[in-house]
Amino acid sequence: MFKFKRQTFLAFKVGSIRLCSLTAATAAAEPLAQPTHTLGEIISGYNSDIELTSSNTQFSHTLFLDPGFYLHKLPKSRSVNQVKEIHAQITVNGLLKNLVVTNKLLYMYTSFRAIGDAFALFSGLNERDPFSWSVMIGGFAKNGDVLDCFRTFREYIRSGDSPNNYTLPFVIRVCRDTNDLEMGKVIHHIVCKFGLQSDSFVAAALVDMYSKCKVIEDAKKLFDRMPNRDLISWTVMIGAYTECGNANEALALFEQMQAEGIVPDNVAMVNVVNACAKLGAMHKAKLAHEYILRKKFSLNVVLGTAMIDMYAKCGRLDCARDIFDSMRMKNVVTWSAMIGAYAYHGRGMEALNLFYMMLSSGIIPNSITFLSLLYACSHSGMVDDGLHLFSLMQEEYGVRPNVKHFTCVVDLYGRSGRLSEALNLIENMTIEKDEGLWGALLGACRIHGHVEIAEKAARSVLELQPENPGHYVLLSNIYARAGRWQDVAKTRELMTHQRLKKVPGSSWLEVDNMIHKFSVGDHTHPRSKEIYEKLKLLLEELELAGYVPDTNCVLHDIDEEHKRRILYTHSEKLAIAFALIATPEGAPITIMKNLRVCGDCHSFIKLISVVRKRLIIVRDANRFHHFEEGVCSCGDYW
DNA sequence: GTAGGGTTAG
């Protein structure tokens, strides 16, 4: 124990007080130069740690001269204020000139996202090494400070140092986060220039960047060329395939990874679970779950939440709820996932009840929680509840509605036939409108056959997205229903003038633990011949039961007969025909579709559910449809 | 002795 001399104490006091402001800690180094020297003299006789206590009990600090002490102590900081306190101690000890200590200090500031403090320290440094630069570049990257990150990276290169396998992944990350493929390619050139393309960290970051920028082929090429593919690069690649809609390939890759002797971890399993969710394949989901239990992965918040989503998207609300109930730690994402699951299945009341449970357990809802709730209300016809939540969200929780929230409210009004209120809401909105918003209004006009508002909605939606064939189909359906055949023809004409972006539609289902995938007019399935024969019989059977093909769902400029042929080979119908061949009589059928089920297929499936006495569940891009005894409660179609 | 790539709800 050492009692301060008065002057030393004052010097320290200056440091202690000033370290509370961002730049002051470094500024404090200057006036402290002299007194610290005194302090050094005082304690020069002690090589070991010395505790200095002031006579004023307000200040009681331990000062150490050994850099190792701070390297050990800094990571234990629990707040930025603690870092600042240690910063002051380092300062009064004159240890700021030790770059190892200073870099760690810099890192601690960035880890608390105190980027201003970090930069103040960084810019005050007389000397910087590649560690300091990479911590600073990484700090900006993790904080989303794109411009500062690039600026610092440029400065670093200008200072004469070479970019390395630490700095580059940070810069690549920024390109990924901002979806800046062009900049990503520039960085890729730099990577090659410095011969770092084989580094695991750099390569994995590049693969991730390419995949998030939707150039999966480039990502795969890079991945295939990697000499050492570790767990993380595999995980990135698995996630990339799931993201681009090829979940089957993602799961295949997971198998391949294990065959190469790589042992998955929790994060890898989250990616596997996501792939199963995308596939909606119950068998795969169960296998993944069993694997997770067998290998004793901890069901942490992230993995647990992913599993809730997986089961919900496989059509198993009960399993999703079991996982939800078994989770000890739940965050707002977990609750929102479960609320979203109910919403997705058209179970508005359950979604709402869960929301109130969430509130009583003290979780604060966010923008996405409310989006799921509004979605639940719109698909369950709970107009008043939806409108109440829409105002609650803004007034009680300060969540500013984005265009997706508005879209739900338009849907809410629209489905219940309050079309002018929906239009009014859109017209009075101050935020930017998108095609989804107008599309919701257009969809509502189809349900209620409102031509006038439909034309208004169609004009706006086609202005924003002229290349989407779905909008023309909707408008044409509305005209057709009103018997306005000239306008149907005009719509088709309008469409043929556009370059249409066709997202290939596909449907798939799981039979005997295998995924069977179909696209329109598909003949690739090994049992294709049987499927088409079955479909022919089904069509005859259904026409007797009153099915009339709705060729308005096909908008190609072709004759009626050709339209019928296209219509009857829609992927949903092929999938249904296959299911009827390959599954036991009376068993429920579950089909997945990457786009929305078309109106004709919707009526087709409704009829199948009654003439074949089957429960048919269809998951499309929007929701789950439960067809039972000729009824689907979705309210999407007439 | 100080710096690094992958994860959950829409």
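Below, chains carry the letters A, B, ... as their sequence lines are ordered, and counting in each starts from 1.
Ring centroids of A/F153 and A/W133 are separated by 6.0 Å or more, keeping the two rings apart.
At whole-Å resolution of the value, CG in A/N228 and P in B/dG6 are 19 Å apart. A straight line from CG of A/D309 to P of B/dA9 spans 5 Å, rounded to a whole angstrom.
The side chain of A/K73 places no N or O atom within less than 4.0 Å of a non-bridging phosphate oxygen (OP1 or OP2) of B/dT2. Close to B/dA3, at under 4.0 Å from its OP1 or OP2, lies a side-chain N or O of A/K104. Contact check, A/R173 against B/dG4: no side-chain N or O comes under 4.0 Å of OP1 or OP2. The side chain of A/R176 contributes an N or O atom lying less than 4.0 Å from OP1 or OP2 of B/dG6.
Taking the ring axis of A/Y70 as reference, the NZ or CZ atom of A/K104 does not stay both within 45° of it and closer than 6.0 Å to the ring centre.
When the nucleotides B/dG6, B/dT8, B/dA3 are ranked by their closest atom to the side chain of A/F131, B/dA3 comes out on top. Proximity note for A/S336 (side chain, C-beta onward) versus B/dG6, B/dG4, B/dA9: the nearest is B/dA9.
As judged by a 4.0 angstrom heavy-atom cut-off over every strand, A/L99 is placed among the base-contacting residues.
Side chain A/D265 to base B/dG6: a donor-acceptor pair is found below 3.5 Å. For B/dG5, its base sits under 3.5 Å from the side chain of A/D230 at one donor and acceptor pair at least.
Residues that satisfy the side-chain contact (heavy atoms from CB on, under 4.5 Å) test with A/A306, not counting sequence neighbours, are A/V270, A/V273, A/N274.
Each side-chain hydrogen bond (donor to acceptor under 3.5 Å, both in side chains) pair with one or both residues in residues 233-254 of chain A, not counting sequence neighbours, appears once here: A/D230-A/S233.
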